Enquirer: 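First the structure, then my questions, so here it is.
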Amino acid sequence: MAEPKKLYIKTYGCQMNVYDSERMAEVMDGYVKTETPEDADMILLNTCHIREKAAEKVYSELGRFKNLKVEKPDLRIGVAGCVAQAEGEEIMRRQPMVDLVVGPQSYHRLPELEAKSRAGQKPVDIDFPEEDKFEKLKGRPKASRGPTAFLSVQEGCDKFCAFCVVPYTRGAEVSRPVQQIIREANDLVERGVREITLLGQNVNAYHGEGEGGTWSLAKLIWELDKVDGLERIRFTTSHPNDMSDDLIEAHGTCKKLMPYLHLPVQSGSDKILKRMNRSHTAEEYLKLIERIREARPDILMSGDFIVGFPEETEEDFQATMDLLEAVKYGYAYSFKYSTRPGTPAAEREQLSEDVKSERLSRLQEVITRHQREVQDDMVGRKVNVLFEKPGRLEGQMVGKSEYLHAVHVQADGVQAGDLREVEITESGPNSLRGQIA
Ligand code: 5AD
Ligand code: SF4
């Protein structure tokens, strides 16, 4: 039998890309994964186009693989993901040693594209094909899995925020049918998964076909709640306008749904929110959070912020700082506005880098302080920890609490996949410490 070829995949960007990379590895029959690009017969970069820096990283990484290709002309180099979708053939013009380009909607065709490239062609597939890629992808092989997994349920976005490339790179909102998702969830659980994070660019806009018609995300979550052996459900990323009543209610009543919600707001200024085409105000967002916290008082909120969006004044920025104080996020991700070709805001007059940098550091100071306080508040509390892997110290295990904090515990006899109550004793720089309660 021929030796299997080796596939090296490097993943950039969001969790959806992590999921996609796994599926691409599975679809490449005859290949096994390797962690070292030097050993690889094929290198695949699964790329992110969300901010300029993310896209530029891809080109510099490709530059580094040039030598490998010179040493090993048979090496195939592919670019997948959102840079592939956005730039297409341009990638091969900038980096001629790239052999194939495949967009996020076409990766089920990867084996064909690889074969074409071995036959001397330079295939570029950035279609939005009619066929369902999830149906085309064969089932996941039955290898055992760690205790946590991603499951993609929805892709694409119809919101067209003025800064964002997602509606262009991932296309219109599409939801996978309920039964397909339930099947995949059962399969994951059989293979050892205890926690599933449902993924979608706009996951709470989920509207998949199920028994009796179209199902909401909340209804899907309640169906997953019935899956024996599945202990925890999470979902990300949500849009404020799609936070429906049944989903808010589920946070209060569904025991498997974890008390953590990533709900980006981007700005606290109504003027900027309008310019961003977010179609909600700061006050509407705050009211929403109030309702979510009524349903689940201990929920940990997480968010995204953009500073230095065109026309953002110091006053607008202050409104964002006020919103931060009002919400007090347990986690928040913040970015300087970065122009993305083809999006409306890229055409507008831009603020200076200095102003952006200065605002970002003020914002991040508050975010870090809040994160710290929220984490420190866990000391003395009992949390549930799903253990994932051994820690660095002898006899130590690491897992995540329901609030997604990493927790280190000295505990002989605890294994990956175990769910235990832990009393938190200490709050370190990036994680908590505790003992089995
Ligand atoms: N510039 C800066 N940040 C951006 N994001 C999306 N597009 C841009 C951009 N052009 C941020 C948003 C989004 C997160 C995934 O990335 O905050 O929620
Ligand atoms: Fe991008 Fe999210 Fe806005 Fe959609 S809702 S355009 S994915 S930021």
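Counting starts at 1 for both ligands and their atoms, following the listed order. Because only heavy atoms are used, hydrogens play no part in the values below, and waters and symmetry mates are left out as well, while side chains stay in. Everything numeric here is computed off the predicted structure, so don't read it as measured data.
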Enquirer: Under 2.8 Å from atom 1 (Fe) of ligand 2, how many protein N/O/S atoms do you get? Just the number, please.
Expert: 1
Enquirer: State whether any protein heavy atom lies less than 4.0 Å from atom 8 (S) of ligand 2.
Expert: yes
Enquirer: Strictly by modelled atom types, are Lys336 and Ser357 linked by a side-chain donor-acceptor pair under 3.5 Å?
Expert: yes
Enquirer: Before giving the answer on salt bridge (Lys or Arg N to Asp or Glu O under 4.0 Å), spell out for Glu114 and Arg76 the whole-Å C-alpha distance, their side-chain angles and the decisive distance to 0.1 Å.
Expert: CA-CA 8 Å; Glu114 187 247 16; Arg76 298 294 91 179; over 6 Å; no
Enquirer: Over 60° means perpendicular and under 30° means parallel, so classify the ring planes of His262 and Tyr333, tilted if in between.
Expert: perpendicular
Enquirer: Sort out for me which residue in Glu283, Glu290, Glu284 forms a salt bridge (Lys or Arg N to Asp or Glu O under 4.0 Å) with Lys287.
Expert: Glu283
Enquirer: Give a yes or no answer on whether the side chain of Arg194 reaches the backbone of Gly229 with a donor-acceptor pair at less than 3.5 Å.
Expert: yes
Enquirer: Run the ring pair (Phe, Tyr, Trp, His ring centres under 6.0 Å) test on Tyr260 and His405 for me, step by step, so that the C-alpha distance in whole Å, both residues' side-chain angles and the decisive distance to 0.1 Å come before the verdict.
Expert: CA-CA 10 Å; Tyr260 180 102; His405 287 123; 8.6 Å; no
Enquirer: Is it true that Ser334 and Gln364 share a donor-acceptor pair across their side chains at a distance under 3.5 Å?
Expert: yes
Enquirer: Identify the protein atoms, limited to N or O, that lie within less than 3.5 Å of an N or O atom of ligand 1, and list each pair with its distance to 0.1 Å.
Expert:
unit_1	atom_1	unit_2	atom_2	d
ligand 1	1 (N)	Ser338	N	3.0
ligand 1	10 (N)	Phe163	O	3.0
ligand 1	10 (N)	Ser338	O	2.8
ligand 1	16 (O)	Arg51	NH1	2.7
ligand 1	17 (O)	Gln266	OE1	2.6
ligand 1	18 (O)	Gln266	NE2	2.9
ligand 1	18 (O)	Asp304	OD2	2.6

Enquirer: Please state whether the rings of Phe163 and Phe309 are parallel, tilted or perpendicular, taking 30° and 60° as the class boundaries.
Expert: perpendicular
Enquirer: Check each atom of ligand 2 against the heavy atoms of His239 and keep those under 4.0 Å away; list them by number with element.
Expert: 5 (S)
Enquirer: Among all residues two or more places apart in sequence or in another chain, which pass the side chain to side chain donor-acceptor pair (under 3.5 Å) test with His280?
Expert: Arg278
Enquirer: Mind checking what makes side chain to side chain donor-acceptor pair (under 3.5 Å) contact with Glu325, not counting sequence neighbours?
Expert: Arg369, His370
